[in-house]
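For reference, the structure discussed in these notes is given below.
To find a chain, count down the sequence lines: A is the first, B the second, and so on, and within it residues start at 1. Just so it is clear, the values below take in all heavy atoms, side chains as well, and ignore hydrogens, waters and symmetry mates. These numbers were taken from a predicted model, which means no experiment stands behind them.
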There are 2 protein chains.
Amino acid sequence: MVWCSRETSRLLCPIGKIKSKRQQAIADREQDLLVIAEQIMEREGFSALTMDKLVSACSYSKGTVYNHFNSKEDLFCALCIKSMKQLLHLFRRASHFEGHHRERMLAIHFAYRLHAMTRPTLFLCVLTAQTPAVREKSSAERLQQQTELDQEVTKICTSILEQAVAAGELTIATPEYVDALTFASWAISFGSNALMSGDCDSGVIERLDAEKALLFNVSLLMDGMGWLPLSREWDYQNSWQRIGSELFAAELLAISDMDKAPISQF
Amino acid sequence: MVWCSRETSRLLCPIGKIKSKRQQAIADREQDLLVIAEQIMEREGFSALTMDKLVSACSYSKGTVYNHFNSKEDLFCALCIKSMKQLLHLFRRASHFEGHHRERMLAIHFAYRLHAMTRPTLFLCVLTAQTPAVREKSSAERLQQQTELDQEVTKICTSILEQAVAAGELTIATPEYVDALTFASWAISFGSNALMSGDCDSGVIERLDAEKALLFNVSLLMDGMGWLPLSREWDYQNSWQRIGSELFAAELLAISDMDKAPISQF
DNA sequence: ACGTTTTTTGACGATTCGTCAAGTTGACGT
DNA sequence: ACGTCAACTTGACGAATCGTCAAAAAACGT
């Protein structure tokens, strides 16, 4: 009957950053717990992640775990946040790609796809965290943190768009159109990745086609924006590969290793 | 420990369509159950939907309910299917809109947005059903039916695209590009709607701006496809309104009534 | 009317969730 | 060094939920 069983987690952690050694230890432990939770999901499937299982897999007691996450859903939300933080790091790297601004935005999309591929489990946590069942039962703090991360991501995209406008690559009617364009970019990327993740079993989209599809979709959208150089004037396939080799060589190597020895893809 | 507790539901329902009066009755009952499940979600929230609650809210016993849905997740999958069927009906209507083909495709997107607005609960079921936790525990039959519906939807989009090509509104390099364009359309619509549903609480996107954003995103994408007439040559804002008044007047009326007396919006 | 097949029932065992009173820890003042 | 106390941890516990199954009921065929 209770809507949100416990508003905040019990662990004292004032408002800003970590203060004492102790709170650092608590924060570290939280990361440990998230890693363990992720491992359980990868090993036994998504629905096998249970609070009881997490408790017995870690070296702490139930109460302690519940001091970190006030419900199973809150745990999912925490995993989503972890995922978004990683994504943010990739985005920051992508935003400094050497090239014109449209290529930089493309690098952002590359990073997103990369993240979906290298950390499928975490990526799916983001999808799961959009679900009302999860949102209803997550703590207010974590939901807040989630929207803050959202805004950070948005800021990166917005900034690239603004630079493109300043550089004359892109023309917009009014300043607030930047937000609309950011949203459109976000939507095409989210939509493509989400649908591809969902359908990867049913095989509508082949694994290797997925990257092509994303590049294709993004190119259409940016052409629609009139973002120069248009795809007919520039080889973005080549840009895509350059992004991979210049920015994310290590991550791509990890993927091909995964394919060779598929451990967790049952 | 069991991966998929029960492969098929126990109710005898061969392969094709309904045969006897009896099986018709069973199918009807299933629809009743879905309606009740939906009501529970609307009244008490998403996470309040419980098998026990569904059982006590309907006039049947637990065993009977479990003969229809072999798990809670399977129930979600069934709700998703119901949602997609409704969507399909709207799409069929949309695909006959009086206008050029780009307007027809726009009508499809309109229908999607409309569905997300008129039946938010069911729409969110689709989102939930994409979640691995749900997919892992749904019955094979239902997952199958889901992909079939997916294909039907795809077929409608594909058909419009092909007609557009035939009419000279759209030029494509090779025939299989039609699939890529269909996927792109689907992705932008899914992405936009999903993000807007998720953020509607946090207020990044205002309720009334949502429609504008979708129209905007779709227009960008179609312009990128080079689908004539381009948005600078045609007033699609006007088309959008025409679609509303000529095709979905009844549904729009229902929405404005909802706004006046918001019953189920918690 | 009677045997067979299909469906329904609801009590039951197994899981999972989330709580809380009692116990432990360690930071801090003296 | 020691006592104190707030903060943290523990794990047994009750409640809620899940999904099953043997027995009862209903439907069906002859």
Side-chain angles (χ1 to χ4, degrees), chain A residues 1-14 18-30 32-33 37 40 44-76 133-134 136-139, chain B residues 1-14 18-30 32-33 37 40 44-76 133-134 136-139:
Chain A
M1 257 333 117
V2 182
W3 267 100
C4 197
S5 49
R6 192 195 276 176
E7 262 308 303
T8 83
S9 80
R10 282 277 171 267
L11 261 18
L12 189 66
C13 192
I18 290 101
K19 289 209 271 187
S20 65
K21 258 179 249 174
R22 189 160 192 186
Q23 289 177 353
Q24 179 59 53
I26 289 174
D28 289 347
R29 188 175 58 192
E30 187 151 317
D32 291 346
L33 289 173
I40 293 174
E44 307 177 45
F46 234 77
S47 47
L49 179 54
T50 285
M51 289 307 252
D52 282 345
K53 242 177 213 163
L54 177 59
V55 167
S56 50
C58 75
S59 55
Y60 310 101
S61 72
K62 196 162 215 178
T64 299
V65 172
Y66 268 91
N67 275 343
H68 286 280
F69 316 108
N70 63 31
S71 70
K72 189 186 174 177
E73 285 74 18
D74 201 35
L75 170 61
F76 269 113
V134 171
E136 282 172 3
K137 300 188 76 181
S138 300
S139 70
Chain B
M1 250 341 112
V2 182
W3 267 99
C4 199
S5 50
R6 193 193 277 176
E7 262 309 302
T8 83
S9 81
R10 283 276 171 268
L11 261 19
L12 187 68
C13 191
I18 290 99
K19 289 208 272 186
S20 64
K21 257 179 247 172
R22 189 162 190 183
Q23 290 176 352
Q24 179 60 53
I26 289 174
D28 288 347
R29 188 175 56 191
E30 187 151 318
D32 290 346
L33 288 173
I40 293 175
E44 308 178 43
F46 234 77
S47 47
L49 178 55
T50 286
M51 289 308 252
D52 282 345
K53 241 176 213 163
L54 176 59
V55 167
S56 50
C58 75
S59 54
Y60 310 101
S61 74
K62 196 162 214 176
T64 299
V65 171
Y66 268 91
N67 276 343
H68 287 281
F69 317 107
N70 63 30
S71 69
K72 189 185 173 178
E73 284 74 19
D74 201 35
L75 170 62
F76 269 112
V134 170
E136 282 172 4
K137 302 188 74 182
S138 299
S139 71

Which residues share a side-chain hydrogen bond (donor to acceptor under 3.5 Å, both in side chains) with A:T64, sequence neighbours left out: A:S61

B:Y66 side chain, from C-beta outward: closest of D:dT20, C:dT8, C:dT19: D:dT20

Residue-phosphate contact under 4.0 Å: B:S61 side-chain N/O, C:dT8 OP1/OP2: no

Sugar-phosphate only, base, or nothing, as touched by A:T64 at under 4.0 Å among non-hydrogen atoms: base

Any A:K137 side-chain N or O less than 4.0 Å from OP1/OP2 of C:dG18: yes

A:D52 CG - D:dC13 P separation (whole Å): 15 Å

Partner set under side chain to side chain contact (heavy atoms under 4.5 Å, CB included) for A:E30, not counting sequence neighbours: A:H68, A:F69, A:R142

Got a list of protein N/O to nucleotides 25-29 of chain D N/O distances below 3.5 Å?
{"residue": "D:dA27", "atom": "O3'", "partner": "B:R22", "partner atom": "NH1", "Å": "3.0"}

N/O donor-acceptor pair, side chain A:K62 with base C:dG18, under 3.5 angstrom: yes

Proximal nucleotide (of D:dG19, C:dT16, C:dG18) relative to the A:S71 side chain: C:dG18

From D:dT10, D:dC8, C:dG18, nucleotide with atom closest to A:I26 side chain: D:dC8

Check: A:T50 side chain, A:K53 main-chain N or O, donor-acceptor pair, under 3.5 Å: no

Qualifying residues under salt bridge (charged side-chain N to carboxylate O under 4.0 Å, His left out), relative to A:K62, sequence neighbours excluded: A:D52

Which nucleotide in D:dT10, D:dC18, C:dC17 has an atom nearest any side-chain atom of A:K72: C:dC17

Minimum-distance nucleotide (side-chain atoms of B:N67 versus D:dT10, C:dT8, C:dG18): C:dT8

Main-chain N/O of A:E136 paired to A:E73 side chain as donor or acceptor, under 3.5 Å: no

Close side-chain approach of A:M51 to A:V65, heavy-atom, < 4.5 Å: yes

